[in-house]
Every structure is written in structure tokens, then in C-alpha cells.
Amino acid sequence: CFQQIMPIPFAGKTQLLWEGGYTMEINGTYLSEGTRPAGSTWAMNPLPYSDAHEPVQFPPPCNETVDRTKNDTGRCSGRFPYAVSIIDSLTIPTNTPPGEYVLGFRYDCEATAQVWSSCADITIS
């Protein structure tokens with residue numbers, strides 16, 4: 001991705017989307033102080049980590065019953081909650097001129113020193 005710093009704010013609530021199309025809105029947790037690049041906002045993963053040896057780090061955003069001794073993944077918590085997607089929306093500033101843009105975003109792993117970066121082509125008309 002190319003970096004011309006133009007932070008884009010998050011808009012509205014975070015959504016969880018499960019297989020079959022069921023959605024649920026939840027309040028997101030956002031961090032904008034001390035971020036890099038300056039002026040950017042990070043969204044915290046709303047699905048708490050847990051496994052057979054570690055309890056859930058914070059209350060899951062949905063109702064679930066999981067016997068952690070037999071399975072470490074619930075509907076919205078665990079090591080690999082595979083059947084749910086996290087959807088965040090952004091607000092494009094009204095003064096953004098029409099054109100072709102590249103949206104850069106990254107995922108910072110909370111449990112290890114891994115960072116994944118990705119880009120998306122955006123057309124504003």
C-alpha cells in the first residue's frame with residue numbers, strides 16, 4: 001500500500017456476521033491515542049481469546065455455552081471462532097475528492113508479535 005496519511009474514522013457499531021446470514025450489532029472498542037500512524041484509530045478484536053488452559057479474557061459479545069475442557073471455540077470466543085466475521089464500517093470525509101484510492105489496513109495480533117497488512121482498491125465518484 002502507498003502511505004499518504006488520511007485516517008478514516010470508524011462509523012456506527014461493529015457487526016458480527018455468522019454463516020447463514022445472522023447478524024448482531026455490538027459496541028466496538030476503539031483506540032486513537034498513541035497510535036501509529038498518528039491520528040489513526042484502531043478497533044479491538046471484540047471476540048475474546050481462550051483455550052483449554054486460559055479462561056475467556058473478557059465476556060463474549062454473544063450468548064454461548066462452551067465446555068472449555070472439550071472444545072476451546074464458541075460462537076464468538078475461543079482460539080479460532082471460525083463461523084463468525086467481524087464487520088466494521090468507515091466514514092469517508094465529505095471533502096474527499098472523487099478519484100481512485102488505495103485503502104491500507106492491518107491486523108495486529110494480540111497474542112503474538114504478528115502483523116498482517118492488506119490493501120483494497122476504492123473508487124469515490
Side-chain angles (χ1 to χ4, degrees):
C1 292
F2 305 99
Q3 272 201 340
Q4 177 181 352
I5 307 302
M6 185 172 92
I8 300 174
F10 288 95
K13 293 190 171 212
T14 296
Q15 286 190 343
L16 301 179
L17 170 66
W18 283 272
E19 294 175 351
Y22 173 74
T23 62
M24 175 183 174
E25 282 192 344
I26 61 172
N27 291 320
T29 301
Y30 304 103
L31 175 67
S32 58
E33 293 183 25
T35 58
R36 291 185 66 192
S40 63
T41 301
W42 292 14
M44 183 178 166
N45 181 353
L47 308 179
Y49 177 83
S50 66
D51 63 20
H53 307 290
E54 278 192 48
V56 176
Q57 295 173 334
F58 53 88
C62 72
N63 293 326
E64 63 180 9
T65 303
V66 180
D67 181 350
R68 302 275 177 203
T69 62
K70 296 180 182 175
N71 186 350
D72 60 11
T73 299
R75 287 185 65 224
C76 55
S77 70
R79 276 193 325 160
F80 304 109
Y82 57 86
V84 62
S85 296
I86 303 166
I87 301 171
D88 285 306
S89 298
L90 304 173
T91 299
I92 304 299
T94 56
N95 62 347
T96 304
E100 302 291 322
Y101 294 88
V102 176
L103 173 67
F105 54 99
R106 65 187 242 181
Y107 303 94
D108 288 35
C109 184
E110 294 178 32
T112 67
Q114 297 175 343
V115 176
W116 295 277
S117 295
S118 193
C119 299
D121 294 325
I122 306 290
T123 301
I124 297 177
S125 54

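We use all heavy atoms of the structure for the numbers below, so side chains are in, but hydrogens, waters and symmetry mates are not. Counting begins at 1 with the first residue of the sequence.
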Partner set under side-chain hydrogen bond (donor to acceptor under 3.5 Å, both in side chains) for Thr41, not counting sequence neighbours
none
In Å, rounded to the nearest 0.5 Å, how long is the span from CZ of Phe105 to SG of Cys119?
7.5 Å
Report the distance from atom CG of Asp51 to atom OG1 of Thr73, rounding to the nearest 0.5 Å.
9.0 Å
side-chain hydrogen bond (donor to acceptor under 3.5 Å, both in side chains) partners for Ser40, two or more places apart
Thr35
Side-chain contact, heavy-atom cut-off 4.5 Å: Thr96 with Ile8?
no
Contacts of Pro97 that satisfy side-chain contact (heavy atoms from CB on, under 4.5 Å) - sequence neighbours left out
Tyr101
For Leu47, the hydrophobic cluster (side chain heavy atoms closer than 4.5 Å, chained through members) also holds Leu16, Trp18, Tyr22, Met24, Ile26, Val84, Ile86
If a pair satisfies salt bridge (charged side-chain N to carboxylate O under 4.0 Å, His left out) and one of its residues is in residues 10-32, list it, with sequence neighbours excluded.
none
Say you draw a straight line from CD1 of Ile122 to CD1 of Ile92; how long is it, rounded to the nearest 0.5 Å?
6.5 Å
Test of understanding: clusters of I, L, V, M, F, W, Y form through side-chain heavy atoms closer than 4.5 Å, transitively. Do Ile124 and Phe10 belong to the same one?
yes
Could you name each residue pair satisfying salt bridge (charged side-chain N to carboxylate O under 4.0 Å, His left out) that touches residues 99-108, not counting sequence neighbours?
Arg106-Asp108
Got a sec, which residues hit salt bridge (Lys or Arg N to Asp or Glu O under 4.0 Å) with Glu54, two or more places apart in sequence or on another chain?
none
Taking only residues two or more places apart in sequence or in another chain, which ones pass side-chain hydrogen bond (donor to acceptor under 3.5 Å, both in side chains) with Thr14?
Tyr30, Asp88
Which residues share a side-chain contact (heavy atoms from CB on, under 4.5 Å) with Thr91, sequence neighbours left out:
Pro9, Ala11
If you group Ile, Leu, Val, Met, Phe, Trp and Tyr whenever their side-chain heavy atoms sit less than 4.5 Å apart, what else falls in with Leu17?
Ile87
Using atom types as modelled, flag every donor-acceptor pair under 3.5 Å from a side chain in residues 57-66 to any protein atom, sequence neighbours excluded.
from	atom 1	to	atom 2	distance (Å)
Glu64	OE1	Arg75	N	2.7
Glu64	OE1	Cys76	N	2.9
Glu64	OE2	Arg68	NH2	3.4
Glu64	OE2	Ser77	OG	2.3

Please enumerate all residues that pass ring-ring contact (aromatic ring centres under 6.0 Å, His included) together with Trp42, with sequence neighbours excluded.
none
Passes side-chain contact (heavy atoms from CB on, under 4.5 Å), Leu90 versus Leu103? Steps please.
CA-CA 11 Å; Leu90 304 173; Leu103 173 67; 4.0 Å; yes
